[in-house]
There are 2 protein chains.
Amino acid sequence: MPREVRERQMLDAAVAVFARRGYRAASMDEIAELAGASKPLVYLYLNSKEDLFSACIRREAEALIAAVRAAVDPGAPADRRLWNGLRGFFAHTAAHPDGWAVLHCQARTHGEPFALEVGALRQQLVDVVTQLITETAADGGCTAPLPETEVAGLAHALVGAAESLAGWSNERDGAASSEQETAATLMNFAWTGLENMAHGRRWIPIGA
Amino acid sequence: MPREVRERQMLDAAVAVFARRGYRAASMDEIAELAGASKPLVYLYLNSKEDLFSACIRREAEALIAAVRAAVDPGAPADRRLWNGLRGFFAHTAAHPDGWAVLHCQARTHGEPFALEVGALRQQLVDVVTQLITETAADGGCTAPLPETEVAGLAHALVGAAESLAGWSNERDGAASSEQETAATLMNFAWTGLENMAHGRRWIPIGA
């Protein structure tokens, strides 16, 4: 069997075990067994548990970003891009719940270098959304452009909302049929709000 | 010194150390030293590192929920309640960054019983927001009531957005002056969207 195929099997097994057991409790024995490989071969190919975990994070992060980018047609209007990006995101997290659990729950709290890699993924998602919001505001004819800090805040809000919904959606029964529904819920929440802001409409507290 | 005061000092020290080092790497020696107490006394009062971590999570979660509830006047209109709830939330997470780090980053990934306690906090936040959205939809005269699943999805989206912004806001420079700004950003994002939905206005994809 080519090394590439073997390595992919090992990473598949590792993602499943890390997602279920957590980084610390995951054993290389279980990963090797699930991959149908010997433990020495896993070490030979992937070097260490730490490197294996890093490789899982990197692979899952790249796959998620690629899924979102592939779903978005750069020439489409802003609302279609957001809608398709959200569908791509939720379809991917629903199809890869173990990968999502590794990225969202496991990788962030085991210090460097893992947190750094997940931070890089999150920044890429935030960048995609930041660009979208900036363009939406420009298209909307917002008289005063949205301040940079506010755009950054909105982008973090939207990414946080999507992350939260991905976890919620994966924990529900019948999640497989609801990606579209989840994307529509967030679209309605985010778009109507963003669209109003892009037209310069704001909520202002009384007496502020 | 009364036991109650001593215990509070120990919990203060523990929250600071857990936030900085993480659960595994945190040492009882460092916690005792920072609390100005002997290690045997910390064990006598708080029993074990696991129990100490649980006590930190419980205390920080209760304080956060209490801050949000105290900020909201139940008789105010829905937009004021959301605005004040968000201000209460961001003011508290900004004033207690270590407590927030323990709840948001540390507690979720070290398995039971910690994840369970943080899950209970999150559910309380989601419940507060769910009630608010339900009432907003009723006030808005939405012709068809929002389906329960959609309300749950919106509540998870809003809580996720707030969590994401709390982390982002705490990592920025000059965060102390920006709680109001962060709350206003999320309010503009969430309210204008929710208000439109409460009036039965929706974003519908072309061809769907």
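Note that the structure is a prediction, hence the values are computed from the model and not measured. All chains are named by letter (A, B, ...) in the order of the sequence lines, taking the proteins before the strands, and each is independently numbered beginning at 1.
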Smallest heavy-atom separation, B:L165 atom then A:A157 atom, equals CD1-CB, 3.9 Å
Is B:R59 atom CZ crowded by more than 12 heavy atoms from other residues, nucleotides or ligands, each under 6.0 Å away?
yes
Kindly give the heavy-atom pair with the smallest separation between A:W168 and B:A152, and that separation in Å.
CZ2-CB, 3.7 Å
Bottom line for B:T182: the part with an atom under 4.5 Å from chain A's heavy atoms is neither
Less than 4.5 Å to any heavy atom of chain B: does that hold for the side chain of A:L186, its backbone, both, or neither?
side chain
Main-chain N/O of A:H156 paired with B:S164 side-chain donor or acceptor, under 3.5 Å
yes
With respect to chain B, which residue among A:R122, A:E163, A:M187 yields the maximal number of heavy-atom pairs within a distance under 4.5 Å?
A:M187
When you look at CD of B:E33, are more than 12 heavy atoms from neighbouring residues, nucleotides or ligands closer to it than 6.0 Å?
no
Per-residue contact mode, A:R21 against chain B (heavy atom under 4.5 angstrom):
neither
Which bit of A:A190 is near chain B, if near means a heavy-atom gap under 4.5 Å: side chain, backbone, both or neither?
both
Quick check on A:E150 against chain B: is it the side chain, the backbone, both or neither that has a heavy atom closer than 4.5 Å?
both
